[in-house]
Amino acid sequence: MNSISERLNFRTLEWRGDHLRLIDQRALPGKEEYLECRTAAEVVSAIKTMAIRGAPAIGIAAAYGMALAAIAGQDYGEAALLLKNSRPTAANLAWAVDRMTLICESHDSAKIVGEAKAIEADDAMMCRQIGANGAGFLADGINVLTHCNAGALATGGIGTALGIIYTAHFSGKRIHVWVDETRPFLQGARLTAWELGRAGVPHTLICDSVAASLMAAGKVDCVIVGADRIARNGDFANKIGTYGLAVLAAHHNIPFYVAAPSSTFDKQCCTGEDIVVEERDPAEVTSISGTRICPADSNAYNPAFDIAPGSLVTSFITEKEIIGAGDWEAGNPHGLLP
Ligand code: MRU
């Protein structure tokens with residue numbers, strides 16, 4: 001039996017001896033193009049322009065960026081700063097760069113590349129475990145709604161939210177996924193629909209604004225999303241629109257699950273108020289595929305993420321434990337938070 005990764009049959013990131021190869025997510029689903037990053041600066045640019053995106057995946061890319069800087073004899077402290085600042089919201093990015101900074105002190109190229117590979121392998125393992133821990137929440141015949149892309153394209157493995165869906169699907173359960181298109185960057189329409197199609201998971205694309213009426217009609221059994229940063233009280237950042245979905249799910253009494261590895265938990269962050277939300281170019285809102293969709297003088301506001309309160313989350317599904325609402329009140333028995 002092939003593994004889920006083998007069935008998906010693509011590599012989001014791949015270290016090729018002297019460079020990092022990335023699938024260029026800006027070109028999907030139309031074209032399967034690859035980007036070669038040979039310097040830390042090229043990795044910074046790939047992250048900023050969203051050629052690579054998704055919290056764990058940008059962490060792994062940044063780890064290889066640190067390796068490229070160290071091998072080239074560049075100031076890895078400087079590279080660390082540039083990589084960390086390339087996108088501010090995902091906790092995994094700084095987590096991976098900090099892990100690499102420690103090993104860069106060895107000035108041993110083999111060790112440094114080995115650490116980046118270990119970060120990638122650890123993420124793949126965490127995804128598999130999240131899938132195994134979460135698949136039991138999905139009954140045969142279920143309708144799941146997901147937002148953005150928390151799949152293989154967003155990680156070094158099978159994905160977090162989608163990892164759960166793949167694990168349930170390949171165990172023989174009939175799963176149907178409602179895919180939010182995820183305006184403005186369309187990660188749902190372009191990436192999640194592409195991935196689910198490759199895996200043979202039945203899915204239906206919807207405009208983000210359709211979720212409310214689908215829930216009211218009883219056509220959504222649960223929501224599963226990923227996360228970019230989780231604060232100590234359970235507040236979490238994820239793709240803009242996630243907060244609205246969490247409120248809707250609570251109103252309709254529908255389970256709302258957040259799937260994330262321990263590298264997304266930020267012990268320095270007390271509440272959601274401490275999370276920096278990235279604001280992106282308004283052009284992502286005013287244009288689609290280069291075509292302007294509003295008057296030339298209209299302004300746009302483009303926050304990439306929102307913060308949802310932990311109280312709206314039924315369970316956080318991690319590679320270690322399932323954390324329920326009561327667990328946060330009990331003071332972090334699982335050790336994921338201080
Ligand atoms: O702006 P993006 O595409 O990087 O945003 C990605 C998300 O919000 C994902 O849900 C999150 O990073 C989790 S990915 C496993």
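Indexing begins at 1, ligand by ligand and atom by atom, following the structure's order. Sequence positions, counted from 1, serve as the residue numbers for this chain.
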Student: Give a table of atom pairs where an N or O of ligand 1 lies under 3.5 Å from a protein N or O.
Tutor:
unit_1, atom_1, unit_2, atom_2, d
ligand 1, 1 (O), R87, NH1, 3.4
ligand 1, 1 (O), R87, NH2, 2.8
ligand 1, 1 (O), K239, NZ, 2.7
ligand 1, 3 (O), R53, NE, 2.8
ligand 1, 3 (O), R53, NH2, 3.2
ligand 1, 3 (O), Q187, NE2, 2.9
ligand 1, 4 (O), G54, N, 2.9
ligand 1, 4 (O), R87, NH1, 2.8
ligand 1, 8 (O), D228, OD1, 2.9
ligand 1, 8 (O), N238, OD1, 3.1
ligand 1, 8 (O), K239, N, 3.2
ligand 1, 10 (O), N238, OD1, 2.6
ligand 1, 12 (O), A55, N, 2.8
ligand 1, 12 (O), D228, OD1, 3.0
ligand 1, 12 (O), D228, OD2, 3.3

Student: Between T49 and R26, is a side chain to side chain donor-acceptor pair (under 3.5 Å) present by the stated rule, with each step listed?
Tutor: CA-CA 8 Å; T49 58; R26 298 165 302 186; 3.1 Å; yes
Student: Apply salt bridge (charged side-chain N to carboxylate O under 4.0 Å, His left out) to D140 and K173, showing your working.
Tutor: CA-CA 5 Å; D140 185 36; K173 290 180 188 169; over 6 Å; no
Student: So H176 and W178, would you call those rings parallel, tilted or perpendicular, with 30° and 60° as cut-offs?
Tutor: perpendicular
Student: Grab the two heavy atoms, one from L8 and one from A152, that are nearest each other, plus how far apart they are.
Tutor: CD1-CB, 3.8 Å
Student: Show me the donor-acceptor pairs within less than 3.5 Å that the side chains of residues 69-76 make with the rest of the protein, sequence neighbours left out.
Tutor:
unit_1, atom_1, unit_2, atom_2, d
D75, OD1, G77, N, 2.9
D75, OD1, E78, N, 3.2

Student: Could you grab the distance from atom CG of L186 to atom CG of N149, nearest 0.5 Å is fine?
Tutor: 12.5 Å
